[in-house]
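Below, all heavy atoms of this structure are taken into account, side chains as well, without hydrogens, waters or symmetry copies. Below, read A as the first sequence line, B as the second, and so on, with proteins coming before strands; counting in each chain starts at 1. Everything numeric here is computed off the predicted structure, so don't read it as measured data.
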Amino acid sequence: MSPIDERIVRATQAGLPLVEAPYAEIARRVGVGEQEVLSLLKAMLADGRIRRIGAVPNHYALGYVANAMSVWDVPDDAVERLGCAVGALEFVSHCYRRPRRLPDWPYNLFAMVHGRSRDETAQKVEAIRRLLGSALRAHDVLYSVRILKKTGLRL
Amino acid sequence: MDEFDRAIINRLQGDFPLCERPFAAVARQLALGEEELRDRIRLLLEKGVLTRFGPLYDMERLGGAFTLCAMSVPVADFTRVAALVNARPEVAHNYEREHRFNMWFVLAAKSQAETTRVVEAIESETGYPVMQLPRLDEYFVELKLRA
């Protein structure tokens with residue numbers, strides 16, 4: 001990452017200024033031109049360093065009170081194919097492969113599921129279970145009870 | 001929250017334009033005044049309906065080291081352990097979950113060596129082991145909730 005990229009990340013990671021020309025404002029703070037800020041942000045969006053630009057809602061404030069981390073044990077040689085299929089479900093917000101930690105933790109696939117009630121979330125988890133079918137060896141669902149800290153990732 | 005707030009949240013979870021007057025562009029699509037759009041976003045942030053507004057960075061691609069951590073903490077000791085874990089600036093978020101592993105947090109640091117150092121410090125401070133589950137692959141990340 002170039003020093004200018006890094007300055008732009010630092011100037012925007014807490015959020016964009018809510019002004020008529022937010023990128024010009026960032027450019028002023030960083031000490032470069034507005035067009036340079038726009039083209040560097042476009043480049044970071046294109047190569048995935050920026051996932052997206054916009055609003056990050058609070059689940060709970062939108063009524064999504066049943067937030068579950070569903071965890072699944074599937075064969076390693078099928079995890080990529082199955083992970084992509086699970087990730088494609090419209091109600092799955094995050095889907096990752098992670099290492100097992102045997103004997104405590106046999107799960108290698110994680111999918112975050114959000115619902116307005118536990119019934120709704122349980123139905124979504126059930127849809128993942130059906131999708132995994134015979135590849136599934138074990139699974140578990142960990143509902144979040146409360147947020148203990150949320151500062152977001154900062155550089 | 002009214003129908004305009006819902007429309008703002010649904011429209012703005014991605015694709016905020018990269019142009020000189022992005023609020024004007026979005027306001028036109030939503031049939032709102034540009035200033036009203038910004039005021040509503042400001043209010044949604046103040047009320048905590050939105051946690052932030054701007055670019056969402058993939059910190060791992062920016063060159064950091066991250067790991068998801070889980071701990072199994074006795075209920076009687078939970079508050080003490082939560083305070084110790086939360087006090088670490090490297091802990092980005094921390095959730096209590098209903099499970100034997102009842103505390104789940106994400107560590108963000110500049111290098112793998114530093115995350116290891118923080119994990120070891122948390123283990124010795126709290127007296128409980130930390131299970132590290134770094135992401136090996138990512139199949140989907142796109143939080144889009146209908147308001």
Just how far is it from atom [atom1] of [X] to atom [atom2] of [Y], taken to the nearest 0.5 Å?
{"X": "L62(A)", "Y": "N10(B)", "atom1": "CG", "atom2": "CG", "value": "8.5 Å"}
{"X": "I50(A)", "Y": "L18(B)", "atom1": "CD1", "atom2": "CG", "value": "7.0 Å"}
{"X": "N86(B)", "Y": "K150(A)", "atom1": "CG", "atom2": "NZ", "value": "14.0 Å"}
{"X": "T12(A)", "Y": "F53(B)", "atom1": "OG1", "atom2": "CZ", "value": "12.0 Å"}
{"X": "H94(A)", "Y": "E138(B)", "atom1": "NE2", "atom2": "CD", "value": "8.0 Å"}
{"X": "R49(A)", "Y": "L62(B)", "atom1": "CZ", "atom2": "CG", "value": "7.0 Å"}

Hydrophobic cluster identity match, [X] and [Y], side-chain contacts under 4.5 Å:
{"X": "V19(A)", "Y": "I8(A)", "value": "no"}
{"X": "L84(B)", "Y": "V81(B)", "value": "no"}
{"X": "F101(B)", "Y": "M112(A)", "value": "yes"}
{"X": "V145(A)", "Y": "I147(A)", "value": "no"}

Taking the side chain as everything from C-beta on, heavy atoms only, tell me whether [X] gets closer than 4.5 Å to [Y].
{"X": "L133(B)", "Y": "Y107(A)", "value": "no"}
{"X": "F23(B)", "Y": "P22(A)", "value": "yes"}
{"X": "P57(A)", "Y": "V49(B)", "value": "no"}
{"X": "R100(B)", "Y": "D104(A)", "value": "yes"}
{"X": "R98(A)", "Y": "R135(B)", "value": "yes"}
{"X": "L18(A)", "Y": "L45(B)", "value": "yes"}
{"X": "F16(B)", "Y": "R52(A)", "value": "no"}
{"X": "Y95(B)", "Y": "L142(A)", "value": "no"}

For N58(A), is there any backbone N or O sitting under 3.5 Å from a side-chain donor or acceptor partner on T51(B)?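 Not confirmed, T51(B) side chain does not pair with N58(A) backbone.
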R101(A) side chain to Q132(B) main-chain N or O, any donor-acceptor pair under 3.5 Å?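 The answer is yes, because a donor-acceptor pair under 3.5 Å joins these two groups.
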Between [options], who has the most heavy-atom pairs with chain B when the cutoff is under 4.5 Å?
{"options": "A61(A), P99(A), G87(A)", "value": "P99(A)"}
{"options": "R100(A), M69(A), R97(A)", "value": "R97(A)"}
{"options": "G48(A), A24(A), C84(A)", "value": "G48(A)"}
{"options": "F91(A), Y23(A), Y143(A)", "value": "Y23(A)"}

Interchain contact, [X] with chain B, by part (heavy-atom threshold 4.5 Å):
{"X": "E34(A)", "answer": "side chain"}
{"X": "N67(A)", "answer": "backbone"}
{"X": "V79(A)", "answer": "both"}
{"X": "F110(A)", "answer": "side chain"}
{"X": "L82(A)", "answer": "neither"}
{"X": "M44(A)", "answer": "side chain"}
{"X": "Q35(A)", "answer": "side chain"}

Below 4.5 Å, heavy-atom pairs only: which of G64(B), A24(B), A82(B), G48(B) has the largest tally toward chain A?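 The option with the most such pairs is G48(B).
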Selection from E20(B), R11(B), R6(B) maximising heavy-atom pairs under 4.5 Å formed with chain A: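 The answer is E20(B).
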Which of residues 115-131 of chain A get closer than 4.5 angstrom to chain B, counting heavy atoms alone?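 Counting heavy atoms that sit under 4.5 Å from chain B, the residues of residues 115-131 of chain A involved are R116(A), R118(A).
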Please look at F105(B) and chain A and tell me whether the side chain, the backbone, both or neither of the residue comes under 4.5 angstrom of a heavy atom of that chain.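 Neither; nothing under 4.5 Å.
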Checking R38(B) against E20(A) for the side-chain contact (heavy atoms from CB on, under 4.5 Å) test, could you report, in this order, the C-alpha distance in whole Å, the side-chain angles of both residues, the deciding distance, and whether it holds? CA-CA 9 Å; R38(B) 286 198 297 272; E20(A) 195 174 296; 4.1 Å; yes
Between W105(A) and H99(B), what is the ring plane arrangement, given parallel below 30°, perpendicular above 60°, and tilted in between?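 Correct class here is perpendicular.
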